Amino acid sequence: MLALGARLARAGGARRGLRGLAGGTPAPPGEERMVAAEVVEGGVGVLRLDRPKALNALCGPLMRQVLGQMRAWEVDPAVRAVVLAGKGKCFAAGADIKEMAALDFPEAHKGALLEAWDEMSRLKKPVVGAVHGYALGGGCELAMMCDLLVCSEEAKFGQPEILLGTIPGMGGTQRLTRAVGKALAMDMCLTGRRLGAEEALRSGLVSRVFPTGEHEEGALALAREVAKFSLPVAAMVKECVNSAHELSLAEGLRLEKRQFWSTFALDDRKEGMTAFAEKRPADFRDR
Ligand code: CO8
């Protein structure tokens, strides 16, 4: 049985194993690759939106590639946490306006336009969003689907859909309101005004702000920290915290209690408490 350090080193070794697949899961034949993926030391999968010419606008192929990679990492034992970031000037400037421009209602409705992104909020492994530059429209909504959200000090968040004659459709009116409250969410969604990093931190949209150029390193450190813990326990934390948005206090407390009791069925709970009493680091095994 491997100690935690050895297991993390082994997970880090996956980076070497993945070198041959420098871009992670390949794009379907004939499709331009729009994400860059790698697994780095500490068992962290780093997925970068990589469509800089369009400021990483979230077109269909990009969405399918992100979700395909996330799905692959959900079942990859070498990956214990994920960082989602953007390459180039920004995180993402929104859903692809040019792709959507010609659609009519039946096409948007029948095609369930952008609904597939919801899968991001059903992932069990912890995802840290790392925003730099713009996170606008669908970009802001994708960032808010992450479990932990950090940004660099020049980051700008916004829901400018009203300027385009539409409304947020990937959770912007819901997650933003729950994160920052009605006053600010209404202000942003009705005027399209952008929020800077400091205001995003103050209002509870992000949990940490890093100096320009250091947001990915910061997110990676955070992901590595989370990756050291028991995966089933992290999944329970995610479920409980996310449910706080959906359940009444009484229901949420009941769920939390059931999940808390469930941890007593895990070796990892026993190991964590025993290690504390024995004054040694815990060796979690994800079971
Ligand atoms: N979609 C498509 N292309 C984009 C997008 C976008 N969202 N954003 C930028 N681009 C493209 C530009 O068209 C440009 O392409 P080209 O060089 O071919 O002209 C390239 O990226 C660079 O952009 P700019 O030259 O405009 O760069 P600037 O630095 O001058 O400006 C901005 C950057 C301010 C970010 C500006 O590009 C901008 O305002 N972008 C649009 C932002 C926006 O409105 N986002 C919201 C989109 S709508 C949305 O996300 C709705 C989601 C919910 C729908 C749910 C349906 C169910």
Side-chain angles (χ1 to χ4, degrees), residues 27 31-36 47-67 70 84-122 127 129-146 149 151-180 184-197 199-200 205-206 212-213 215 245:
E31 192 172 281
E32 185 191 338
R33 184 141 192 87
M34 295 182 183
V35 299
L47 185 56
R48 297 181 183 91
L49 310 177
D50 188 10
R51 199 190 168 207
K53 276 187 299 211
L55 302 183
N56 297 329
L58 308 172
C59 61
L62 181 145
M63 175 182 74
R64 286 190 289 278
Q65 291 175 26
V66 168
L67 296 176
M70 289 293 186
L84 179 63
K87 276 185 110 169
K89 273 167 63 178
C90 68
F91 181 75
D96 192 313
I97 300 169
K98 295 166 192 169
E99 192 180 61
M100 291 186 294
L103 295 179
D104 59 16
F105 172 77
E107 286 167 331
H109 187 254
K110 264 199 273 171
L113 179 61
L114 300 177
E115 197 169 62
W117 279 113
D118 292 353
E119 189 176 341
M120 288 293 297
S121 55
R122 294 193 292 273
V127 181
V131 170
H132 76 295
Y134 297 112
L136 300 179
C140 185
E141 294 169 302
L142 176 59
M144 290 190 291
M145 289 179 200
C146 298
L149 187 55
C151 70
S152 60
E153 57 196 358
E154 34 59 56
K156 293 262 181 283
F157 298 84
Q159 298 290 164
E161 287 86 349
I162 196 157
L163 277 64
L164 302 167
T166 185
I167 71 166
M170 289 163 54
T173 62
Q174 302 304 300
R175 290 196 181 92
L176 185 64
T177 307
R178 285 161 168 83
V180 306
L184 194 47
M186 203 61 104
D187 189 342
M188 290 171 71
C189 293
L190 277 179
T191 69
R193 99 158 160 95
R194 298 174 191 153
L195 219 56
E199 206 176 354
L205 184 57
V206 301
T212 299
H215 65 291
H245 287 158

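For clarity, every value in this text was computed on a predicted model and none was experimentally measured. In each ligand, atom 1 is the first atom listed, and ligand 1 is the first ligand listed.
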Practice problem: Looking only at protein heavy atoms, identify the closest one to atom 10 (N) of ligand 1 and say how far it is in Å. | Solution: A54 O, 3.8 Å
Quiz item: What is the minimum heavy-atom distance between A185 and V180, and which atoms define it?
Solution: N-CG2, 3.7 Å
Exercise. For ligand 1, find out whether one of its N or O atoms is nearer than 3.5 Å to an N or O atom of G169.
Key: no
Practice problem: Among all protein heavy atoms, pick out the one at the shortest distance from atom 31 (O) of ligand 1; state its residue, atom name and that distance to 0.1 Å. | Solution: L55 CD1, 4.4 Å
Self-check item: Structural part of P160 in contact with ligand 1, heavy atom criterion under 4.0 angstrom
Solution: side chain
Quiz item: Do protein heavy atoms approach atom 28 (P) of ligand 1 to less than 4.0 Å?
Solution: no
Practice problem: Output yes when the distance from some N or O of ligand 1 to some N or O of Y134 is under 3.5 Å, and no in every other case. | Solution: no
Quiz item: Hey, is A57 touching ligand 1 through its side chain, its backbone, both or neither, going by heavy atoms under 4.0 Å?
Solution: side chain
Quiz item: Under a 4.5 Å cut-off applied to non-hydrogen side-chain atoms, are M145 and M170 in contact?
Solution: yes
Exercise. Measure the shortest side-chain to side-chain distance between L176 and L184 over non-hydrogen atoms and say whether it is less than 4.5 angstrom.
Key: no
Practice problem: Report yes if some N/O of A95 lies less than 3.5 Å from some N/O of ligand 1; otherwise report no. | Solution: yes
Exercise. Any salt bridge (Lys or Arg N to Asp or Glu O under 4.0 Å) involving residues 89-98? Give me the pairs, sequence neighbours left out, ordered by first then second residue.
Key: R51-D96
Quiz item: Any heavy atom of K89 sitting closer than 4.0 Å to ligand 1?
Solution: yes
Quiz item: Heavy-atom contacts under 4.0 Å between L163 and ligand 1: side chain, backbone, both, or neither?
Solution: neither
Practice problem: Considering only protein heavy atoms, determine whether one is less than 4.0 Å from atom 8 (N) of ligand 1. | Solution: yes
Quiz item: Within less than 4.0 angstrom of ligand 1, does R194 place any heavy atom?
Solution: yes
Quiz item: Are the side chains of L142 and L49 in touch, meaning some heavy atoms are under 4.5 Å apart?
Solution: yes
Quiz item: If we only count N/O pairs under 3.5 Å, is L114 in contact with ligand 1?
Solution: no
Practice problem: Could you tell me whether atom 55 (C) of ligand 1 has a protein heavy atom closer than 4.0 Å? | Solution: yes
Quiz item: Would you say atom 15 (O) of ligand 1 touches the protein, meaning some protein heavy atom is under 4.0 Å from it?
Solution: yes
Quiz item: What is the closest protein heavy atom to atom 18 (O) of ligand 1, and at what distance does it sit?
Solution: K98 NZ, 3.5 Å
Exercise. Using a 4.5 Å cut-off on heavy atoms from C-beta on, say whether the side chain of M120 contacts that of V66.
Key: yes
Self-check item: ligand 1 versus E115: contacting region, heavy-atom distance under 4.0 Å
Solution: neither
Self-check item: Any protein heavy atom < 4.0 Å from atom 50 (O) of ligand 1
Solution: yes
Quiz item: Within the structure, does I97 bring an N/O atom to less than 3.5 angstrom of an N/O atom in ligand 1?
Solution: yes
Exercise. With heavy atoms of D96 as the reference, note each atom of ligand 1 found under 4.0 Å away.
Key: 1 (N), 2 (C)
Exercise. Would you name the heavy atoms of L163 and G192 that are closest together and state the gap between them?
Key: CD1-CA, 4.0 Å
Practice problem: Answer yes or no: are there more than 12 heavy-atom neighbours, outside E115 itself, under 6.0 Å from its atom CD? | Solution: no
Quiz item: With a cut-off of 4.0 Å, which atoms of ligand 1 are near a heavy atom of G137?
Solution: 46 (C), 50 (O)
Quiz prompt | Any C140 side-chain heavy atom under 4.5 Å of R194 side chain | solution = no
Quiz item: Is it the side chain, the backbone, both or neither of E141 that has a heavy atom closer than 4.0 Å to ligand 1?
Solution: side chain
Quiz item: Should K53 be listed as contacting ligand 1, given a heavy-atom distance under 4.0 Å as the test?
Solution: yes
Quiz item: At their closest point, which heavy atom of C151 faces which heavy atom of F157, and how far apart are they?
Solution: CB-CZ, 3.9 Å
Quiz item: Of all the non-hydrogen atoms in the protein, which one sits nearest to atom 48 (S) of ligand 1, and at what distance?
Solution: L164 CD1, 3.6 Å
Self-check item: Minimal non-hydrogen separation, C59 against M34, with atom names
Solution: SG-SD, 3.5 Å
Practice problem: Tell me which protein heavy atom sits closest to atom 57 (C) of ligand 1, plus the residue, atom name and distance to 0.1 Å. | Solution: L113 O, 3.1 Å
Quiz item: Tell me, do M63 and L58 make a side-chain contact under 4.5 Å, heavy atoms counted?
Solution: no
Quiz item: Are D187 and R193 ion-paired here, with the side-chain N under 4.0 Å from a carboxylate O?
Solution: yes
Exercise. Pick one of side chain, backbone, both or neither for how R51 approaches ligand 1, counting any non-hydrogen atom pair under 4.0 Å.
Key: neither
Exercise. Considering non-hydrogen atoms only, spot the tightest contact between A135 and F91 and give its length.
Key: CB-CD2, 4.1 Å
Quiz item: Any non-hydrogen protein atom below 4.0 Å of atom 38 (C) of ligand 1?
Solution: no
Quiz item: At their closest point, which heavy atom of S152 faces which heavy atom of A197, and how far apart are they?
Solution: O-CB, 3.5 Å
Quiz item: For atom 43 (C) of ligand 1, which candidate among A93, G94, G88 provides the closest heavy atom?
Solution: A93
Quiz item: Are the side chains of Q159 and E141 in touch, meaning some heavy atoms are under 4.5 Å apart?
Solution: yes
Exercise. With heavy atoms of L136 as the reference, note each atom of ligand 1 found under 4.0 Å away.
Key: 35 (C), 42 (C)
Quiz item: Does any non-hydrogen side-chain atom of N56 lie less than 4.5 Å from one of Y134?
Solution: no
